[in-house]
Amino acid sequence: MLARDKSLESYEACRQLTAEYSKTFYFASLLFPMEKRRAIWAIYAWCRRTDELVDSLDFKADPRMLDRWQERLDKIFGGGGEDVYDLALADAVRNFPLEIRPFLDMIEGMRMDITQDRYESWEELHTYCYRVAGTVGLMSCAVMGLVDDCPEARRRAVALGVAKQMTNILRDVGEDARRNRIYLPLEDLRKFDYSEEDLFAYVVDERWAALMEFEIARAEAIYLEAEKGIPYLIPDARWPVWASLILYRRILTKVRSNGYQNFLQRAYVPRAEKFLLLPVAWAKAQT
Ligand SMILES: CC(C)=CCC/C(C)=C/CC/C(C)=C/CC/C(C)=C/[C@@H]1[C@@H](COP(=O)(O)OP(=O)(O)O)[C@]1(C)CC/C=C(\C)CC/C=C(\C)CCC=C(C)C
Ligand SMILES: Nc1ncnc2c1ncn2[C@@H]1O[C@H](COP(=O)(O)OP(=O)(O)OP(=O)(O)O)[C@@H](O)[C@H]1O
Ligand SMILES: [Mn+2]
C-alpha cells in the first residue's frame, strides 16, 4: 500500500483529469462506491494519456514514444511509477485483479493509429476497436467485478467498448477526415458507391445517409450484445454501466436527427437529457 496521503493525492489528480476530459465517464464513475470509483479514475487517466500520446503528435508521432510508454507500464505493474497518475494506477493494480494484457493491447491500438489511416474491412476495423476500446471493457471488469468471470462476460464487455468506439467514429468522421483519417471500412464506402473524394468534400446525400444507417445498425447490434453482459457484473456496477451504455448509444440517435451532418457538427447529448436518462438506466439495472 502506498503511504495514504500520497495515494489520495494521486487519485485526486486522476479524478481531476477525468472530470476535465469526459463529462459522461466522470458522471458514470460517481455512481460507484469510492474504492472502485478511484480505480476507474486511475484507469481513465492512463487511457486518456495513452490516447493523447498519438493524438497530439499526429502524423509526426514517433513509435518510440510508445515503446517508452510500454516500459513505463511495466514499471506500474511492478508497483512503481514516474508521476502521480502512474502511482494511482499502480495502487489500483494492487487492489484489483487487473491484467497487463489489455493495457498492452491498447498501446498496440495506438501503434495502429500511427501507421494506418485507412481500414479496408470491418474485420480490420474491429481489431482496431478492440484494441483502443474493447480493452477498456476488460480493464473495467477487473475493477467492477463479475459474478461469473466467464468468456461470455468478457466478450460482452469487449462488445460494449467496440460499440462505443463505433459510435465515436460515426460522431467524429469530420474531425478525423481533417486529419486524413478514415475509420469507416473502405469496403462499406464502395458498397454504397460513396468515394473517399465524396467524404473529403463532406457530401451528405442519400448514399451517405444509407452508409450511416448501415454503420448505425452495426453499432446498435453490438450494443444489444453488450447489454446481455450486464447481468454478469456485480450488482453495484450495473447502474453506471447501463447509464454509460444508454448515454453513449444516444449519440447515434443524434447523428441521425442531425440529418447525418456529422462533418461539421458534433452530435452530443445535452446535459438535461443525460439526467433524464439516469432513472431509465437505474430501472434497467434492477431487472
Ligand atoms: C463508468 C465507466 C463505464 C468507466 C470506464 C471509463 C474509462 C476507464 C474510460 C477510458 C476511456 C479512454 C480515455 C480510452 C482511450 C481510447 C478512447 C478515446 C476510447 C473511446 C472512449 C470514448 O471517449 P470520449 O467520448 O471521451 O472520446 P473523445 O476523446 O471525446 O472523442 C471510447 C469510445 C472507449 C470507451 C470504452 C469503454 C468505456 C468500455 C465500456 C465497457 C465496460 C464498462 C464493460 C462493461 C461490462 C460488461 C460485462 C457489459
Ligand atoms: N482540457 C481539455 N483539453 C483538451 N481537450 C479537452 C479537454 N477537455 C475536453 N477535451 C476534449 O474536448 C472535446 C469536447 O468534449 P465532448 O463534447 O466530447 O464532451 P465530453 O466532456 O468529452 O463528454 P463525453 O464524455 O460525453 O464525450 C472532447 O474531445 C474532449 O476529449
Ligand atoms: Mn468526449
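Just so you know, ligand 1 is whichever comes first in the structure, and atom 1 is the first atom listed for that ligand. From a predicted model like this one, the values you see are computed outputs, not experimental measurements.
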Could you tell me which atoms of ligand 1, counted from 1 in the order shown, lie closer than 4.0 angstrom to a heavy atom of [X]?
X: M144; answer: 43 (C)
X: R266; answer: 30 (O)
X: A226; answer: 49 (C)
X: G229; answer: 48 (C)
X: A28; answer: 1 (C)

For [X], is the nearest heavy atom under 4.0 Å from an atom of ligand 1?
X: Y248; answer: yes
X: L138; answer: no
X: R154; answer: no

Residue portion contacting ligand 1 (non-hydrogen atoms closer than 4.0 Å) for [X]:
X: M139; result: neither
X: T167; result: neither
X: C47; result: both
X: V132; result: backbone
X: S244; result: side chain
X: A153; result: backbone

I'd like to know if Y26 and L31 are part of one continuous hydrophobic network [Ile/Leu/Val/Met/Phe/Trp/Tyr, side-chain heavy atoms within less than 4.5 Å]. no
Report yes or no: do N180 and R118 form a side-chain donor-acceptor pair below 3.5 Å? yes
Under 3.5 Å, is there a donor on one side chain and an acceptor on the other for Q70 and R111? yes
May I ask you to decide whether R249 forms a salt bridge with E227, counting only side-chain N to carboxylate O separations under 4.0 Å? yes
N-O pairing of K191 and E187 below 4.0 Å: no
Cation over ring face, R38 and Y11, 6.0 Å, 45°: yes
Sequence neighbours excluded, which residues qualify as side-chain hydrogen bond (donor to acceptor under 3.5 Å, both in side chains) partners of D172? none
Assess whether side-chain hydrogen bond (donor to acceptor under 3.5 Å, both in side chains) is satisfied between R256 and N262, documenting all intermediate values. CA-CA 9 Å; R256 186 182 283 136; N262 43 1; over 6 Å; no
What pairs meet the ring-ring contact (aromatic ring centres under 6.0 Å, His included) rule with one or both residues in residues 128-181, with sequence neighbours excluded? Y119-Y128, Y128-Y183
